[in-house]
Number of protein chains: 2
Amino acid sequence: MNTETKILKDIATLPVFSDLGTKELDGLLSLAQVRNYKKGKTLFRQGEEVTNLYFVIDGWVKVYKGSNSGDEAILQICGDGDILMAPSVFLDIPALASGQLVQDSKVLSLPAAAIRKEVTLNGKLAVNIIHSLSVYSQELIQKIEHSQLMTAAERVGWFLLKLSIQQSQGMQAVIKLPFDKSTIAAYLDMTPETFSRTLKQFKAKGFQIKSGTIVKPMPNALCGFCDEGLALECAAINCTMKTGRKTC
Amino acid sequence: MNTETKILKDIATLPVFSDLGTKELDGLLSLAQVRNYKKGKTLFRQGEEVTNLYFVIDGWVKVYKGSNSGDEAILQICGDGDILMAPSVFLDIPALASGQLVQDSKVLSLPAAAIRKEVTLNGKLAVNIIHSLSVYSQELIQKIEHSQLMTAAERVGWFLLKLSIQQSQGMQAVIKLPFDKSTIAAYLDMTPETFSRTLKQFKAKGFQIKSGTIVKPMPNALCGFCDEGLALECAAINCTMKTGRKTC
DNA sequence: GGTTTTTTTTGACATAGGTCAAGTCCATGA
DNA sequence: TCATGGACTTGACCTATGTCAAAAAAAACC
């Protein structure tokens, strides 16, 4: 099996494509294009017509909105398996946000018109898309909640916990920051300065921070930052630690 | 035609139900229940099982998440025609947020299980739901953008402009606040004090503010707060005013 | 390997908006 | 009509986080 075929096979396991007929899936994926892009590459720009639905195969893509004054609000940073631009594709409207790689990444593109059409023909695909959009909405809700209810330190702690869960099946102590600190800071709605000072607070609590790597003093050191959204993932890896605030 | 029948007929014109077969629509709506509730009534609570999909027929319902420290983040305030709880219903998970009326309102409930089932059977309904979720995502994105990129005064200006557009087909000068100022403040992610002080700034610019009514000094006084999201609605009412920042 | 460039950290300082505590206004209801 | 309680406003003050500038550390490049 060549690499291209293997990748398409992996893609077929994504939730959006699950339980589709083989024929329909092959039809869709025959229109798909998989490409590698360099960090910094802009995939699409706010206001432009949306020609593709994108899937991150491997890497990280930030989705953000710029303001007239040059600031930007990062809506999400999509990782492996994430879908980009779904709302714009299905409403057939210009891109609501811009998308730019924050790491070298492998990205799949699917023509917007094709997927719009297929959704009207294939009920199972439509249901899968409803699920994806629902999950996406959940993430946006979480982001609103975080930016309104949590302090900078809480947002950083939550983010580190999320990384920690993603990166280890058993809550190991080492966390690797997947992209620039300034990008993380922007994602967490704070300046790089604030992010840096916040990490210093973690250092004071026993965390070791060296360049892009962070080592927790104890495996459960971040459990105090667990929330509703992460609880499921915590449970999935049999993380039974408790915290003052919540069961993690 | 009695009142109940008339309401159901209105409901049938909602985007989510458009272009459904009469039979399917009647089947769904036969399970629907329309009720009037008083301001302050809690429709559903964060963490509880979701038994219904709700539609606001007439009134206002705030959807919010509470924090452990008692603060709350308002995700949206749903008005006429808006759908509540869609992500939780379609993922079949506990409510992500709580819902409470901020004005006496008429609300339609549709059993969650029924709509989940119908979506798998009726492709057109599924596509409509995809649209609704996409629009919902857009609104959440806008909220994130606002809370990160705009000052308190800008958020208030934007909100007043939105009300102004909703309330007049031709940009009249009078704006009526549809619910408590403290609720508006929370929705705009600020304290009642800040909201009050911000309104005072508007007063200084010629706005007349008396209890829950605001009168603009000029019909286009708020156009500087127009953004991408409102531009469409502005255009729809033939608002051709220009601002320093954007065409409204 | 050393030099340049970019990213991150640190310090000093500024400020938007929050907090707390009185007031004042207004709606409701007797 | 007045009394009462809740909603709103105002003032004084506070604090988390932003801003700006410079140093330090990493990363990229020759």
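Chain A is the first sequence line, chain B the second, and so forth, proteins listed ahead of strands; every chain is numbered from 1.
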query: Taking 4.0 angstrom as the limit, do A/Asp180 and A/Lys39 come out as a salt bridge?
result: yes

message: When you measure from the side chain of A/Gln46 to the backbone of A/Gly66, do you find a donor-acceptor pair of N or O atoms at a distance under 3.5 Å?
response: yes

task: Figure out the CG/P separation between B/Leu177 and D/dC8, and round it to whole Å.
output: 9 Å

query: Only one of B/Ile74, B/Thr183, B/Asp71 forms a side chain to side chain contact (heavy atoms under 4.5 Å, CB included) with B/Tyr64, so which one is it?
result: B/Ile74

task: Output yes when at least one side-chain N/O atom of A/Ser211 is less than 4.0 Å from OP1 or OP2 of D/dA25, else no.
output: no

task: Give a yes/no on whether any side-chain N or O of B/Lys200 is located under 4.0 angstrom from OP1 or OP2 of D/dT9.
output: no

- line: Which of C/dT8, C/dG11, C/dG18 is nearest the side chain of A/Lys181? It is C/dT8

Atom-to-atom span, CZ of B/Arg197 to P of C/dG18 - whole angstrom: 9 Å

- request: For B/Gln201 and D/dT9, give me the distance from atom CD to atom C1', rounded to whole Å.
  value: 14 Å

message: Quick check: any donor-acceptor pair below 3.5 Å linking the side-chain of A/Arg155 to the base of D/dT17?
response: no

field: Gap between atoms CD and P, on B/Glu193 and D/dC14 respectively (whole Å)
entry: 16 Å

- request: Specify the separation, in whole Å, of atom CD of A/Glu154 and atom C1' of D/dA16.
  value: 12 Å

- request: Please determine if A/Lys38 and A/Asp104 form a salt bridge, counting it only when a charged side-chain N lies under 4.0 Å from a carboxylate O.
  value: yes

statement: Of the listed C/dT9, D/dT10, D/dT19, the closest approach to the A/Ser196 side chain comes from C/dT9

message: Quick check: on DNA chain D, is the nucleotide nearest A/Thr191 upstream (toward 5') of the one nearest A/Gly212, or the reverse? Name the residue that is more 5'.
response: A/Thr191

task: Quick one: label B/Asp71 by what it contacts on the DNA or RNA (base, sugar-phosphate, nothing), any heavy atom closer than 4.0 Å.
output: nothing

field: Integer-rounded Å distance: D/dA26 C1' and A/Ile209 CD1
entry: 16 Å

query: Expressed in angstrom and rounded to an integer, what is the separation of A/Lys203 atom NZ from C/dT8 atom P?
result: 13 Å

query: Any chance CD of B/Glu49 has more than 12 other-residue heavy atoms, nucleotides or ligands included, within less than 6.0 Å?
result: no

field: Between C/dT9 (C1') and A/Met190 (CE): distance, integer Å
entry: 16 Å

message: Using the side-chain heavy atoms of B/Ala152, tell me which of these nucleotides is nearest: C/dG17, C/dT9, C/dT8.
response: C/dG17

task: Please determine, for the side chain of B/Ser182, which listed nucleotide (D/dC8, D/dA26, D/dT19) has the closest atom?
output: D/dC8

- request: Determine: side-chain N/O of A/Thr194 to OP1/OP2 of D/dA16, distance under 4.0 Å, yes or no.
  value: no

- line: Against the side chain of B/Thr151, the closest entry in C/dT7, C/dG17, D/dG18 is C/dG17

